[in-house]
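Within every chain, numbering begins at 1; the chains are lettered A, B, ... in the order of the sequence lines, protein sequences first and strands thereafter. As a basis for the values below, the full set of heavy atoms in this structure was taken, side chains included, without hydrogen atoms, waters or symmetry mates. Treat the numbers as computed from the prediction; the structure is a model and nothing was measured.
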Amino acid sequence: MPPAADMPKAYDPTLSERKWYAYWDEHGFFGASNDPQDKRPPYVIPMPPPNITGTLHIGHACRTTFEDVLIRYHRMRGFNALWTPGTDHAGISAQVVVERQLKAEGLTRHDLGREKFLERMWDWRRQSGDRILEQKRTLGASADWTRTKFTMDPEMSAAVREVFVRLYEEGLIYRATRLVNWDVATQTVLSDLEVLTEENVEGELYEFAYPLEDGGELVVATTRPETMLGDTGIAIHPEDARYSHLHGKFAKHPFLDRRIPIVLDAELVDIELGTGAVKLTPAHDFNDFASGKRHGLEEISIFTLDGKMNELTGEFKGLDRFVARKAVKKKLAELGLERGSKKHLMTLPKSERSGTVVEPIISTQWFMKMEPLAKPAIEAVESGATQILPEDWTKTYYHWMRNIQDWCISRQLWWGHNIPSWYCANEHCIVQREDPTKCPQCGDTQLRADNDVLDTWFSSGLWPFTTLGWPENTLDLQKFYPAADMETGYDILFFWVARMMMMGIHFMGKPPFKRVLLGGMVTDENGDKMSKVKGNVLDPLDVIQGATLEQLLEKARKAGASEGGLKYLQKTYPEGFIAYGADALRYTLLSYSPQSRRIALSVKRIEGYRNFCNKLWNASRYALGVLEGSDAVARGERPVAKLLINRWILSRLDNAITTANQGLESYRLDDSSLALYHFVWNELCDWYLELTKPLLNGGDAEAARETRAVLVHVLETVLRALHPMIPFITEEIWQRIPKQGVGEACIVASYPQPDPQLRDELAEREMTWLTAAISSARGLRAAKDIAPKVPIKLTLEGDDDARRALLKAEANAIATLCNATVQLGGPTGDVATATAEGVAVHMSLEGLIDTDKEKERVTRELAKVEKDLTLLEKKLGNESFVARAPAEVIAKDRARVAELTTARGKLQDALTKLAG
RNA sequence: GGGCGGAUAGCUCAGUGGUAGAGCGCCUCCUUUACACGGAGGACGUCGGGGGUUCGAUACCCUCUCCGCCUACCA
């Protein structure tokens, strides 16, 4: 392999162009190749097939990365990383996007016609599928096994139909006429989860009077005056003395020929609120509907499906519902029935799909009973059969599952699985697996198919088993059900995960996965949800490959960004992005704690990890340069080390590897990545590499040999440890390392494992003394403003024999790192003194003018020591503490007191000298 | 109204019953032979307020305030 010489001085983030693939055979043996054309059988496609789709969102980048790290880790541990990754389900986003496109063109799907609309849906899905594929590939996804299927594939459709019919036969799916949420723009029913509420909309609480049959009037209040056209009752509270005489009487509808009964309803009416009398519109309000059922009131629908007034509304017929609101108010005013109006803050239910105000209407729809399905799904989590991580979410899961309502599964859309039901002339409903030719009840052959389709989440909820060939008992099904991990965002815990749990348990007898890993939602750096309209969407490809502002604007425009969105882009990224590389983006995404619900992705942070990659790159260049021409070779085993720094770095390496493994095993990838980051930058680069320099140039051949052996081992090992997170750069460097018997590529090498035997506590303790001495000396140099080039004279003093021995042994290293001449002993002559970790460093001030600055510095240091000392002495003087605190805590504090006391003495001496 | 979460350095966030951590930002110095995408040094926190438990609380319990998210309802 080419050595360091051909490595550019700066890390090139675009090296992700060079990619290594893993393959495996039937024995689970992993091999590797950097030739994408390599088709050694049984070659496993390293990428999902191109027929996938989904939203374009950096959230997917996050999940792809998380998943890929786990895959790579498992592979390196030697497990067959047969993985069942999350699918991109087939629905909602595509419909929203295409419908938005149509809206922009001034069209609705009805203008386009069913066939053309579906064509357009497929087009969009193909495009977005290609795009996601590209994103995943660029990010380095290396799945050994993918199982991504499109829920609209024909075989899926057959499975969906089977599920529907079975649930119908079991009585879990039924047809009912109920009040449902209706979207008047797209003309479909919505499930509760698809209705969004807009907070604190300023509305009007309008009051008007119903004339009573026996004379007089009853004043009611409403935020929706037009619904009075559908009023069939007025409710009063049974204990309301103001109105009790009206019970059983009737009001007269002012415009329509209708008698309106006055009923008592303690459940609905709040005496304090409004006028204390409630108009009832059972056909258009959920509470009124319930109240209407209690009192047997008529349900009169007054809207058409597109949100206009229907033929039952007399003169208002044909008006849009909001126009009708004004017209009704005008008419009431003319009749002298208006009784006032107040401003009223309320929440407005809107359709997630179209953004229009949702209208409750009475409609016949398909429903699914949820309670019998939810119960075992709750039990699965309670028993631990399925674990939700982070665990906080289990509470939310239980809460939702325990309060679950029946699910309206039919939609009046054109994109989705058809509901396998048919109706004859007598309105008999037929549900069966094969298309029927005649009605089994009346023999009618003129059958009409149900035009409705199923809610997207119905088929998505079946995904864990239908993609594996269900209802056939295939090998795949036996092998891959249940999956180990389900990795997704918490925002679809209810939509998708909960439904997969219920359906999986119902049809397969066990929950579909052992763990549910919920990641946070990726937002922009202000914590706002990414939205194409707002222009704050970060495309992973732009971050990885770089993009100019013009490119960003162009892309945003295409995606339908608003003017404000474009301005946001211009302001936030005036220069566009430079290429940060896939490794940097991956490392950034991993560094966020999975506990947090929000991942406020910041470009600065990505830059920080790009810098880390550069650091690693250059550390490797140094190491490879040092190794050149030597016989040092990495063998995957720890070399024997006698020298302090070598023993120390090996011990610290083991520490980092321990934490990395723990993190990977507990899905705390943030812990793993932080531990390795810290090891590489703050231990390997800041200390070890610097300390190898005096050893390698010191003329001691054995020391240099040992150091090279350790250096190559540490570098090779840490690259393997980092590989799952930053695969591109680690593979690139790893291929250049002189090594023997550690495999053909990092992607298939083994993951370093911790070994408690490798810990060297003595070395770690001694190293704290050494670094303390060096840092103290550097601090003194900085405090006295002595340029690095000017050599200084240091006298080192240890509190005990162990420290004195260490300082003596490492005098040469200290001299090199501090550009100093070093001797041991107490302070002589004019010196500046610093102490830490039981090590005092005296810097000679000969030839330097003594300044007040030095006094100031020592005084400050002394004050700090004394403050700590006072605190500790007070603590140790507390009898309760000494009596009750654990012995080791007390011993630790006592040792610290001793150390601080010595330090105080030295500093006081120094101060006296300065004064004298 | 109900549920869940959060409040820690200027910003974004980790964390722990034993005298506070990271990244970015800030200040000073340095182009030293791996790295200026760098190095050395430095400043900065009554860990939201108030109670309690404890020898000891930022951490555990209670309470208040503020902020998110989810959910129900508002004639």
- Item | Distance-only donor-acceptor test, A:E690 side-chain atoms vs B:A40 base atoms, 3.5 Å | no
- For RNA chain B, what are the stems built from at least three Watson-Crick or G-U pairs in a row, each pair having both distances below 3.5 Å? B:1-7 with B:65-71, B:10-13 with B:21-24, B:26-30 with B:38-42, B:48-52 with B:60-64
- Item | N or O in side chain of A:N403 less than 4.0 angstrom from B:U71 OP1/OP2 | no
- Message: Is it true that A:K293 and A:S291 share a donor-acceptor pair across their side chains at a distance under 3.5 Å?
- Response: no
- Item | Given RNA chain B, 5'-ward residue of the pair A:L689 and A:A277, judged by closest heavy atom | A:L689
- Item | Nearest-nucleotide pick for A:P886, side chain only, options being B:G18, B:G5, B:A34 | B:G18
- Flag this pair as yes if the NZ/CZ of A:R339 is under 6.0 angstrom from the six-membered ring centre of A:Y206 and inside a 45 degree cone about the axis; otherwise no. no
- Query: C1' atom, B:G15 versus B:C29: distance in rounded Å?
  - Reply: 33 Å
- Query: Looking only at N and O atoms, is any donor in the side chain of A:K9 or the base of B:C35 less than 3.5 Å from an acceptor on the other one?
  - Reply: no
- Message: Counting only side-chain nitrogens and oxygens, does A:K864 get under 4.0 Å of the OP1 or OP2 atom of B:U19?
- Response: no
- Query: If you take atom types as modelled and just measure distance, does the side chain of A:R610 reach the base of B:C37 with a donor-acceptor pair under 3.5 Å?
  - Reply: yes
Which pairs, protein N/O on one side and nucleotides 58-63 of chain B N/O on the other, fall under 3.5 Å?
none

- Task: Please work out if A:R781 contacts a base, only the sugar-phosphate, or nothing of the nucleic acid, heavy-atom cut-off 4.0 Å.
- Result: nothing
